[in-house]
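Presented below is the structure to which this report refers.
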Amino acid sequence: MANLEQIVSLCKRRGFIYPGSEIYGGLSGIYDYGPLGVELRHNIKQYFWNKFIVEREDIYGMSASILMPERVWEASGHTELFTDPLIECDLCHERMRADQAETITEHEAIHSKKKEKVSWSEPKVFNLLVETKLGASESTATKVYLRGEITQGVHVNFKNVIDSMHPKLPFGIGQIGKAFRNEITPRDFLFRLREFEQMELQYYIKPEEGEGKKQFEFWKDFSLKWYYGLGFKKENLRLRQHGSDERAHYAKDAWDIEYNTAFSGWKEAWGIHHRGDWDLKRHSQYSGVDLSYFDEETKTRFVPWDIECSGGIDRAVLFVLLENFDEDEVGGERRTVLRLPAHLAPVKVAVFPLLKNKPELVKKAREVYEEIKRAIPNTEFDDNGNIGKRYRRQDEIGTPFCVTVDFETLENDTVTLRERDSAKQERVSTKVLAKFITTK
Ligand code: ATP
């Protein structure tokens with residue numbers, strides 16, 4: 001497991017993640033994904049989409065817009081309740097969240113080093129929604145919000161999905177997309193961002209206590225198993241129930257999957273929330289459109305309950321990097337290695353010619369590369385520097401397999417296949433190489 005500085009540095013150096021708009025000094029809480037980061041993030045999203053949507057008969061996917069009218073957020077309770085308590089330092093006027101003891105202590109320590117004593121202002125209510133305007137002229141422009149959570153895009157389309165797909169309860173709607181929060185203190189790299197991505201499932205069920213408990217348990221278990229699939233050790237994830245004082249305004253019950261971070265202990269990765277009928281009822285009330293469900297079997301009409309699974313994608317990227325980062329020794333040399341599960345690795349296989357100035361080796365290596373690439377699209381050709389340097393880079397970016405084409409390849413069509421975690425090497429025939437790798 002790594003500390004945060006090691007991950008920030010690896011991400012910048014190897015093209016995973018950069019500070020947003022860096023050449024202009026950056027923006028706090030905003031990061032950009034580079035060539036390798038975007039692949040890792042894509043693989044996490046794909047894994048979510050496959051397990052929560054594609055492989056399930058009872059769940060539909062959708063993709064709602066980022067911009068939504070003010071009325072949506074009044075209905076959902078966000079304009080009133082999506083707030084954090086804000087306090088201000090009387091010495092430097094920096095603003096903090098009154099409920100984050102750790103940040104406050106750190107800030108007080110900075111002043112106390114200079115023999116200063118902070119006195120904090122009374123807490124003020126600060127709303128996290130990011131607003132903007134749409135419309136060509138000042139007088140006609142309307143206030144809209146960049147969504148603070150992707151959830152509401154699903155609830156406002158509940159009737160559309162019912163009318164167009166005719167699902168029977170229980171059924172779910174999942175989506176992936178950006179959310180925006182004007183966090184008071186964005187911090188810890190990708191942990192608390194102002195622009196981030198979420199992956200969510202809203203699972204609609206009959207409004208009945210027993211069914212609610214059963215479905216809630218099912219999705220808690222399903223979510224935890226899914227999260228372990230990102231490559232976490234048993235002891236580094238846990239489920240924790242929210243106390244009644246911690247629960248969001250809509251929640252009847254709420255649990256978090258937490259990750260044991262090296263930088264500040266257990267932190268929320270994913271939430272499972274019993275939202276009851278809060279959202280559908282409120283949207284019915286505010287929009288005037290009936291969002292109830294007619295049950296053909298019992299001939300009754302009711303508003304379903306919603307069990308939500310909600311995870312941050314950027315947090316998953318950060319936690320996956322922290323968990324899988326390792327340093328060990330191979331052949332007497334220190335190396336950094338990212339032990340990513342193969343399905344998440346940005347590059348699956350790297351192919352090298354042993355020497356880049358031998359045309360016959362380069363030609364053969366390109367042939368081998370093209371053949372593997374047909375079976376495994378995320379295959380990379382690498383002839384930079386010497387072989388040691390190439391292994392170091394591939395280990396650091398988490399590539400599970402490296403293939404080296406050498407003089408023996410020209411004689412008998414075998415290559416050296418090196419496995420990342422053990423650094424063990426074996427000779428494999430090019431004829432079976434792609435199959436050999438995919439079944440490993
Ligand atoms: P926190 O208590 O950490 O602010 P939250 O309880 O407000 O999080 P939810 O509203 O439940 O979070 O959002 C669901 C998921 O979205 C979280 O589990 C987290 O992974 C992710 N998330 C929320 N806020 C942020 C943020 N500012 N930056 C990155 N990811 C976030």
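Counting convention: from 1, in listed order, for ligands and their atoms alike. Here the structure is a predicted model, which is why all the values come from computation and not from measurement.
Residue, atom and distance of the protein heavy atom nearest to atom 19 (C) of ligand 1 are R315 NH1, 3.5 Å. The protein heavy atom nearest to atom 17 (C) of ligand 1 is E268 OE2, 3.3 Å. The protein heavy atom nearest to atom 14 (C) of ligand 1 is S310 OG, 3.0 Å. For atom 22 (N) of ligand 1, the closest non-hydrogen atom on the protein side is F196 CE1, 3.5 Å. Nearest non-hydrogen protein atom to atom 21 (C) of ligand 1 is G312 CA, 3.6 Å.
Remark: ligand 1 atoms within the under-4.0 Å shell around heavy atoms of Q198 are 13 (O), 14 (C), 15 (C), 16 (O). Listed by number with element, the atoms of ligand 1 under 4.0 angstrom from any heavy atom of A269 are 18 (O), 20 (O). Using a 4.0 Å cut-off to heavy atoms of E183, the atoms of ligand 1 that qualify are 26 (C), 27 (N). Near F191, meaning under 4.0 Å from any of its heavy atoms, are these atoms of ligand 1: 26 (C), 28 (N), 29 (C), 30 (N). Numbered from 1 in the order shown, with element, the atoms of ligand 1 that lie under 4.0 Å from a heavy atom of L193 read 26 (C), 27 (N), 28 (N), 29 (C).
Taking the centre and axis of the six-membered ring of Y33, the NZ or CZ atom of R41 falls inside the cone set by 45° and 6.0 Å. Geometrically, R418 engages Y391 in a cation-pi contact defined by less than 6.0 Å to the ring centre and at most 45° from the axis.
Tested against E258 for a salt bridge (charged side-chain N to carboxylate O under 4.0 Å, His left out), the candidates K267, R315, R240 yield a single pass: R240.
By heavy-atom distance, the residue among R97, H273, E308 lying nearest atom 11 (O) of ligand 1 is H273. The option from R194, R181, R192 that lies nearest to atom 1 (P) of ligand 1, judged by heavy atoms, is R192.
Classification of E296 and K299 as a salt-bridged pair holds, one side-chain N sitting under 4.0 Å from a carboxylate O. Of the charged side-chain nitrogens involved, none lies within less than 4.0 Å of a carboxylate oxygen, so that R301 and D295 do not count as a salt-bridged pair. Salt bridge annotation for R282-D277: absent, with no cationic side-chain nitrogen under 4.0 angstrom from a carboxylate oxygen.
Where the criterion is an N or O separation shorter than 3.5 Å, residue side chain and backbone included, L190 fails it with respect to ligand 1.
Note: S119 OG to L91 CG = 7.0 Å, rounded to the nearest 0.5 Å.
W73 has its side chain out of reach of R71: every pair of non-hydrogen atoms, C-beta onward, lies at least 4.5 Å apart.
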For Q394 and E380, run side-chain hydrogen bond (donor to acceptor under 3.5 Å, both in side chains): C-alpha distance rounded to whole Å, both residues' side-chain angles, the deciding distance at 0.1 Å, then the answer.
CA-CA 10 Å; Q394 298 297 341; E380 185 179 277; 3.0 Å; yes
